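Working notes, structure below.
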2 protein chains.
Amino acid sequence: MQAEPILHDLMQALRCLPGVGQKSAQRMVFHLLERDRQGAFKLAQRLAEAVDKIGHCKTCQTLTSSEVCVLCSDERRNHELLCVVETPTDVMAVESATSFKGVYFVLNGRLSPLDGLGPAEIGLDKLVDRLKIGEIKEIILATNPTVEGEATAHYISEMAKKHQVKATRIAHGVPFGGELEYIDSGTLSHAFSGRSEV
Amino acid sequence: MQAEPILHDLMQALRCLPGVGQKSAQRMVFHLLERDRQGAFKLAQRLAEAVDKIGHCKTCQTLTSSEVCVLCSDERRNHELLCVVETPTDVMAVESATSFKGVYFVLNGRLSPLDGLGPAEIGLDKLVDRLKIGEIKEIILATNPTVEGEATAHYISEMAKKHQVKATRIAHGVPFGGELEYIDSGTLSHAFSGRSEV
């Protein structure tokens, strides 16, 4: 069938969203045009606005509409404590789950030489500049516990050592509410080697 | 955390999409702004265009940018054969899977009195008008085999009978490639009662 070109184009455009294939895109188009035109209109506006106005914080690289994000420009936060995360959503996760009151540095990725992501691409030169200033006393490495995340954490900890800054890694182990029986072996071995006295 | 208002608004707007919750919306925002700004920009444009230009075909009620859709205005199709479906995506599914060369009528829903969807809301008065003209010789009922879909099919078949138009229902049974062992009992009992001579 020769689908309506406008509908076909919209379906294709929706597929740029992560996790959206052809079937979901079809369902979305129908839902939006049939049941929620106002929502679709609002979404179009919000998208255009975000693309236009959102850039990166020049201090921590997170997504923001101002030159320096709200967290970096907050005087009440502890600027001696720096948490390194992979993505802006990780910042949100840490903010909503913990009582961390330091500042962040967002890599927007992780070291992955095969994908062409070296230290410069994830902004580590910017991090070195901040280390040189000497304000930072501790770096908390909160990259994901994947192979690349671990490598990135290791690389940054070496950088920190060179500038006499303490580097710590968040704990990895059995998740709260999890059962030993169902935990993968890597996590369990981490939990044992990372045990602490009670 | 006080999330950037523009990002927060975009996340909320994305949640109007079916199947998108808070976590997926977060992931989408990050993906769009960090990895695919061009896709986001295009999506915004396409959405605005579709909301602006797409309406319903005045003959068959499907989504279209013209007054009468391409299928209804196609002279080569058999206008005596009318297939009744629930949604515009069903039209696409039938068009791509079958060799059906008649025309369609899209209910944009199904009879569901509890949700306030009566015959008028799904355009059945329009269908009666078309039956009265007398061009239609057969109605193929291709609503979904759910309780509401069956009720809708039954209602339309009664309408057709009143206007001396033949009404047929698409076959329901064991799907191609399916195994009897794993088929639900309703489908299997349908398959038996709908058996045909070979």
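In what follows, chains are A, B, ... by sequence order, proteins preceding strands, each numbered from 1. Here the structure is a predicted model, which means the values were calculated and not measured.
- The line from SG of A:Cys16 to CE of B:Met28 is 9.0 Å long, rounded to the nearest 0.5 Å.
- Each of A:Val20, A:Thr62, A:Thr64 has some count of heavy-atom pairs under 4.5 Å with chain B, and the biggest count is that of A:Thr64.
- Of residues 36-61 of chain B, those residues with a non-hydrogen atom less than 4.5 Å from any non-hydrogen atom of chain A are, in numerical order, B:Asp36, B:Arg37, B:Gly39, B:Ala40, B:Phe41, B:Leu43, B:Ala44, B:Arg46, B:Leu47, B:Ala48, B:Glu49, B:Ala50, B:Val51, B:Lys53, B:Ile54, B:Gly55, B:His56.
- Within the model, atoms CD of B:Gln22 and CE of A:Met92 stand 9.5 Å from one another, a figure rounded to the nearest 0.5 Å.
- In this structure, B:Lys137 places its NZ atom where more than 12 heavy-atom neighbours from other residues, nucleotides or ligands lie under 6.0 Å away.
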Under the side chain to side chain contact (heavy atoms under 4.5 Å, CB included) criterion, do B:Arg27 and A:Thr89 qualify, and how do the steps go?
CA-CA 7 Å; B:Arg27 202 157 61 96; A:Thr89 47; over 6 Å; no
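- Cluster membership check: B:Ile183 shares its hydrophobic cluster with B:Phe192, using side-chain heavy-atom separations under 4.5 Å among Ile, Leu, Val, Met, Phe, Trp and Tyr.
- The two residues B:Glu34 and A:Pro88 come nearest to each other via the heavy atoms OE1-CG, 4.3 Å.
- More than 12 heavy atoms of other shown residues, nucleotides or ligands fall within 6.0 angstrom of atom CD in B:Glu80.
- No chain of hydrophobic side-chain contacts below 4.5 Å, direct or via other Ile, Leu, Val, Met, Phe, Trp or Tyr residues, connects A:Val85 to A:Leu124.
- A:Leu81 and A:Leu131 end up in different hydrophobic clusters when Ile, Leu, Val, Met, Phe, Trp and Tyr side chains are linked at under 4.5 Å.
- For A:Arg15, no part lies under 4.5 angstrom from a heavy atom of chain B.
- Hydrophobic clustering keeps B:Tyr104 apart from B:Leu127 (ILVMFWY residues linked when any side-chain heavy atoms are closer than 4.5 Å, directly or through intermediates).
- A:Leu17 places a side-chain heavy atom less than 4.5 Å from the side chain of B:Leu17.
- Residues B:Phe100 and B:Ile170 share a single hydrophobic cluster, defined by chaining ILVMFWY side chains whose heavy atoms lie under 4.5 Å apart.
- Residue-environment remark: NE2 (B:His79) exceeds the threshold of 12 foreign heavy atoms within 6.0 Å.
- The most heavy-atom pairs under 4.5 Å with chain A, out of B:Thr87, B:Val94, B:Leu32, come from B:Thr87.
- Residue B:Gln26 touches chain A through both its backbone and its side chain, counting heavy-atom pairs closer than 4.5 Å.
- By the 6.0 Å contact criterion, OH on A:Tyr155 is open, its count of non-hydrogen atoms from other residues, nucleotides or ligands being 12 or less.
- Inter-residue side-chain proximity for B:Asp90 and A:Phe30 is flagged as unmet; no heavy-atom pair is nearer than 4.5 Å.
- Using a 4.5 Å heavy-atom threshold, the side chains of A:Leu63 and B:Glu4 count as separate.
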